[in-house]
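What follows is one structure encoded as structure tokens, with my remarks underneath.
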Number of protein chains: 2
Amino acid sequence: MTAAPEAIKVSTEAPQKCCSLLSGPLQPHDAERIAGTLKALADPTRLRVLSHVAAQGCDAVCACDLVEVLDISQPTISHHLKKLVEVGLLVREQRGRWAHYSVVREAFAELRNFLDLG
Amino acid sequence: MTAAPEAIKVSTEAPQKCCSLLSGPLQPHDAERIAGTLKALADPTRLRVLSHVAAQGCDAVCACDLVEVLDISQPTISHHLKKLVEVGLLVREQRGRWAHYSVVREAFAELRNFLDLG
DNA sequence: CCGACTGATTGATACGCGTCAATGTATGGT
DNA sequence: ACCATACATTGACGCGTATCAATCAGTCGG
């Protein structure tokens, strides 16, 4: 009976509370949270992964494609994709044997907003 | 005769070549460079530092203020400020005994541009 | 000159993380 | 049922770095 295939659970589906570098002194708690997202972004391999996924626009990209294109071992790709999903920069969609990934535009928009110095 | 006090030398005063997640597949070299800047940003302590400096708008902030406000040891603050200057997110200006720091708006604008998914 | 102050540097410690080989877990074809 | 395929997980290794105490290097006041 094909149990509903468990939507992936990321931290919080709710959009992160909006913070900016200009909105008053940054509380340690907020600093930790935003730094977490930025850490996921601050890796050359993950940037290349994101670049390839983002380049597909609306289409989702399957992990096997990334392994071929980027010339990086499959476990490493899987590791990076997981981190990017955990912080909400990517979403994962399982289709049969294949895992498809696509970018979360809102997450990037929030980061851009955070970096806005007015 | 007050020798000109040697403007701080960061990597390159030239604005970084413009890259975006959408402008074709990201080359490993560019990925390294941008990840370097993001790594400097991806630390809660440095985010708090930046928040305080950015909050001063045009005025530069002296390091001693940061030590007081953030309740972090002076060597640690100095270490973080150095990293932020190295990647070009802050500039340092020495005035007598005091070192004043201010944000580089262009650097933040470039990051925002990089994160723009259209 | 000397002492007080600002801030950078050094050294040590601890922890996180990127990477891959090996293995595990589903899924689908035959 | 069986085997190949697509990913995920585990374990291990190495390297970078955040942190602070101690020390060093300039700079001003007296």
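As the structure is a prediction and not an experimental result, all values here were calculated from the model.
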In the structure I gave you, are the side-chain heavy atoms of [X] and [Y] within less than 4.5 Å of one another anywhere?
| X | Y | value |
| --- | --- | --- |
| E93(A) | R95(A) | yes |
| F114(B) | L47(A) | yes |
| S102(B) | D59(B) | no |
| F108(A) | L50(A) | yes |
| V87(B) | L41(B) | no |
| V53(B) | L84(B) | no |
| V103(A) | L89(A) | no |

Rounded to whole Å, please give me the gap between [atom1] in [X] and [atom2] in [N].
| X | N | atom1 | atom2 | answer |
| --- | --- | --- | --- | --- |
| E93(B) | dG7(C) | CD | P | 13 Å |
| K83(A) | dA8(D) | NZ | C1' | 16 Å |
| R92(B) | dG26(D) | CZ | C1' | 11 Å |
| D65(A) | dT5(D) | CG | P | 16 Å |
| L66(A) | dA6(D) | CG | P | 14 Å |
| E86(A) | dG16(C) | CD | P | 15 Å |
| L90(A) | dA8(D) | CG | C1' | 16 Å |
| L81(A) | dT19(C) | CG | P | 12 Å |

task = Scan residues 39-55 of chain A for pairs that pass side-chain hydrogen bond (donor to acceptor under 3.5 Å, both in side chains), counting only residues two or more places apart or in two chains.
result =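 Residue pairs with at least one partner in residues 39-55 of chain A: R46(A)-H80(A).
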query = Is Y101(B) near enough to dA8(C) that one of its side-chain N or O atoms lies under 4.0 angstrom from OP1 or OP2?
reply =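 Yes, because at least one side-chain N or O of Y101(B) sits under 4.0 Å from OP1 or OP2 of dA8(C).
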ask   = dG7(C), dC7(D), dT17(D): which one has an atom nearest the side-chain heavy atoms of C64(B)?
value =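 From the listed options, dG7(C) comes nearest.
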Filtered N/O pairs between nucleotides 27-30 of chain C and protein, under 3.5 Å:
none

ask   = By salt bridge (Lys or Arg N to Asp or Glu O under 4.0 Å), which residues pair with D65(A), not counting sequence neighbours?
value =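 Partners of D65(A) by the salt bridge (Lys or Arg N to Asp or Glu O under 4.0 Å) criterion come out as none, since no residue qualifies.
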message = Within residues 38-56 of chain A, which residues have any heavy atom lying less than 4.0 Å from an atom of DNA chain C?
response =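 By residue number: D43(A), T45(A), R46(A).
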For residues 68-77 of chain A, run the donor-acceptor check on the side chains, cut-off 3.5 Å, and write out each pair with its distance to 0.1 Å, sequence neighbours left out.
residue : atom : partner : partner atom : Å
S73(A)  : OG   : T76(A)  : N            : 3.4
S73(A)  : OG   : T76(A)  : OG1          : 2.8

ask   = Considering only heavy atoms, which members of residues 70-80 of chain B lie under 4.0 Å from some atom of DNA chain D?
value =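 Residues of residues 70-80 of chain B that come under 4.0 Å of DNA chain D are, in numerical order, I72(B), S73(B), P75(B), T76(B), H79(B), H80(B).
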message = Could you report the tightest heavy-atom contact between G118(B) and R105(A), atom names first, then the distance?
response =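 Looking at all heavy atoms of both residues, the shortest contact is O-NH2, 3.6 Å.
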